Amino acid sequence: MNTSARYDAQETEAKWQRVWAERRTFEASEDPGRRKYYVLEMFPYPSGRIHMGHVRNYTLGDVVARYKRAKGFSVLHPMGWDAFGLPAENAARDQGVHPAAWTYDNIANMRDELKAMGLSLDWSRELATCHPGYYEQQQKLFLDMYEADLVYQRESWVNWDPVDHTVLANEQVIEGRGWRSGALVEKRELSQWFFRITAFADDLLEALEALDRWPPQVRTMQRNWIGRSEGLTMSFEIVGRDDGLDVYTTRHDTIFGASFMALSADHPLASEAADRDPGAAEFVAECRRMGTSEEAIETAEKKGYDTGLRVRHPFVEGRELPVYIANFVLMEYGTGAIFGCPAHDQRDLDFARQYGLPVLPVVVPEDADAARFRVGDEAYLDVRNVVLANSRFLDGLSVDAAKEAVAERLESAGRGKRTVNYRLRDWGASRQRYWGCPIPMIHCGDCGIVPVPEEDLPVLLPEDVTFDKPGNPLDDHMAWRRVDCPACGKPSLRETDTLDTFVDSSWYFARFCSPRADAPVDETAIRYWMPVDQYIGGIEHAILHLLYSRFFMRAMGRCGHLEFDEPFSGLFTQGMVCHETYRDGDGNWRYPEEVTRDPSGRPVLAESGLPVEIGRSESMSKSKKNVVDPSSIIGRYGADTARWFMLSDSPPERDLEWTDAGVSGAWRFVQRLWRLVQELSVHAGEAGAGRPPAVPEGPDGELRRAAHRTVAAVGDDIEAFRFNKAVARIHEFVNVLGSWTPPGRAERSDEAAAVLREALEAVVQLIGPMTPHVAEELWRRLGHETLLADTPWPTADPELIEEESVTIGIQVSGKLRGTIEVARDSDEALVREAALAHANVRRNIGDRTVRKVIVVPNRIVNVVL
RNA sequence: GCGGGCGUGGCGGAAUGGUAGACGCAACGGACUUAAAAUCCGUAGGGCGCAAGCCCGUGCUGGUUCGAGUCCAGCCGCCCGCACCA
């Protein structure tokens, strides 16, 4: 055996990847006799190359998948492609390649890169959302949901880029301009398709409680996003008119502090005012022009326009409140109108100060003098330890009691209604794009909207499109658009909007259970595999993707496709991969591989020797060039090294700092393990020869205990996603093996050899999920004919895990003064005795009286003076 | 503004309220080598001391406790998410 040669990662990794593929080792099967485990990492967008975030994500998932396999589970661990989306169209426009060709090329390349990582994936289930086999089923789901009234079309305001002829998402609008064209974005009302996610708002909120294997912060973020609030919808009489003005409020206790009403610019009464008053019209137009970017909103001053309308205060005879159009009121929330109570709402206060409106405090601290209490520049928002004041029948009540009283009176007068409101809006899923799932709908002049009959599915994307004009190529493709109405036969037009790519990713995990089925999901398969036991991905999807997926399972359930609500019973959100940033003298970002050190250790550009400034470490991004290409790392060190480094230092939920030193450390570890196991294997017994003695004495016993303790600890750590600690435990054990010395001729025994073999096999098995190739190779070299990938996880003998003796610290008045070694679970009196006998402890006690001795078994002794 | 997280050696990080700094990286010393790389052995929070040992030390200030990195209160700093949501 050649033990001195270095481990050749390239050759060995390729070999075992081939073997696993040939033997279909990781293809999942529905085995009713075994417990199932579904591990899934968020599928990638096929951008063309994998990045370090992928490497981390898929390494974490693969550790879990391989570990669970070894633990005897029937594991499903599939991979696919989130393949629709704008970049393909941009590539088409800029490079003249068809989006499909570009996408499938990228997929082919990324598949090769992922395969080089040695992931235990079931590639037979691979799917791409841009494949007609996938989106046909999605179109079926869309039609089912339309049937179930979970999909509808309505007019809605969108950000319209007049140059690119496209709708922009809020995050694509930067300072009021299109992110690509730079054109001033307009608000336009377009007909859009929506998913009725709000139908499940309460359920989506309440069910979060039961998701106890989700990170708490993700649940909180979803809770905030859904934003349930309990309030009152109340109607104000408009002076001189028959109709009323409805507002929604959660602070009806402050009704006596109301000093104005405010309408959204999109409110019907605002439009009405604009029709008769050019000033109002100008103000409404100004509001619409106002950018939707965060910055614009944040810096915008509170502005309003008096419509001239007045409403009556519901409880104060003769008090009338002016009705303004205000730039800070949202049409989409509540009724699009509010009453303003400046004393107890910051926005209302800012507004009131601007327009000289009264500020009357009606909620004051319990111990305050209501007559003297004043509100300055900050609204008084406390709701605890406060009482109502200046509020007639509410005076002296708590906030809650006052709300109750107001609601009671208005409800019985028919002028109010307790209402639950949500921040969550229905999901606008229309995109005016080509490279997405066609919405299977037809617009008929006579019949209106007609669904495409199921037998006519899929509605395929036409291939002969061009991208030389801005806008959606489908709009111009009349041959594709023209179709006879399925209901009346009259010439009609297809819907040209395609679906938001979040739709594609809202059910792909269900499709993986039966990826080629002729229905969206196969009942038997989905019953066996779903829900996903462990989902792993970035925190950036904490809200939308996960919320949409949760909605989709409910919607699919209502359409009879499945019988569960929650898609992911366990969720893990990994941290990002970071790297230092570099700038040259001209302030340009530089790639890490362009930077080297000069003889004095200063960072310089490799090509010119000019100095480089090192910036803070940030999440790897192309724009800052602080990226390291995974393929070049894997090509140089091998996948095992990259994987080991990904797992070794940082806890997986935290950000990981990518460093060259860390990678070479991981590489050295792989090499060391390789040498060590082979060198020691010469002294180990034959594979499957004898069992080691139960609890051997001396060094053999120590080795055996260390092995079993490590097995137990690593298993626990993997279960708890503490991969960095698992790595540390393996390091410790390898250090133990490293200091193992071959016995002299006299001490050699079959039993000792068996102990060593057990230890070597344990370490190889423990690294199996993390560095699978070197582990598989060592397993073979240890004499096994079967694959490590098919070998059950080792079990730890509880008797061997317990330490025989423990070192306990001795404190005098809480300060450590020494340690003693005693037998485990020693008698307390004995420990106390030994502690008090310790020389340094006696010295520290001196001639003072021992008042008390606290003995914590196997832990510590504290001598209290 | 609201919500969440974090603050420990030169660095990444360990530590059921019980010996702070496991494990790794970087560093330093030594062995091997003509030399280097690789490898192996060793040192290592700061300070004082020949040593035994002592003092200080987990962002800051207090508190609870026999005992606090850990629990509580109040600050400071950093990061993330959401945000005119009435």
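On a predicted model such as this, the values are computed, not experimentally measured, just so you know. Throughout, a chain's letter reflects where its sequence line sits, starting with A, and its residues are numbered from 1.
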Aromatic ring pairing A:W427/A:Y548, orientation class (parallel under 30°, perpendicular over 60°, tilted between)
parallel
Suppose we call two aromatic rings close when their centres sit under 6.0 Å apart. Are A:Y637 and A:F645 close by that rule?
no
Within the 4.0 Å heavy-atom criterion, would you say A:T249 contacts the bases, only the backbone, or no part of the nucleic acid?
sugar-phosphate
Assert yes or no for the condition that the ring centre distance of A:Y355 to A:F260 is strictly below 6.0 Å.
no
Have a look at A:R843 and say if it touches a base, only the backbone sugar-phosphate, or nothing, with a 4.0 Å heavy-atom cut-off.
sugar-phosphate
Tell me which one of A:V663, A:T659, A:I633 satisfies side-chain contact (heavy atoms from CB on, under 4.5 Å) with A:V628.
A:I633
Sorted by position of nearest nucleotide on RNA chain B, 5' first, the leading residue of A:L656 and A:R722 is A:L656
Which listed nucleotide (B:C23, B:G12, B:G13) is nearest to the side chain of A:N724?
B:G13
Ring pair (Phe, Tyr, Trp, His ring centres under 6.0 Å) partner of A:H313, the single match among A:F256, A:F236, A:F339
A:F256
Intra- and inter-strand pairs of RNA chain B in dot-bracket (Watson-Crick or G-U wobble, both distances under 3.5 Å; | for another strand):
(((((((..(((.....[....))).(((((.......))))).((((....))))..(((((..]....))))))))))))....
In whole angstroms, the gap separating P of B:C25 from CZ of A:R668 amounts to 6 Å
Between B:G29 and B:A37, how far is it from one P atom to the other, in whole Å?
12 Å
Checking all strands, does A:S229 fall into the base, sugar-phosphate, or nothing category for heavy-atom contacts under 4.0 angstrom?
sugar-phosphate
May I ask you to check whether over 12 heavy atoms, not counting those of A:D660, lie within 6.0 Å of atom CG?
no
What does A:N421 touch in the nucleic acid at a heavy-atom separation under 4.0 angstrom: a base, only the sugar-phosphate, or nothing?
nothing
How is A:N862 classified with respect to the nucleic acid when contacts are heavy atoms under 4.0 Å: base, sugar-phosphate, or nothing?
base
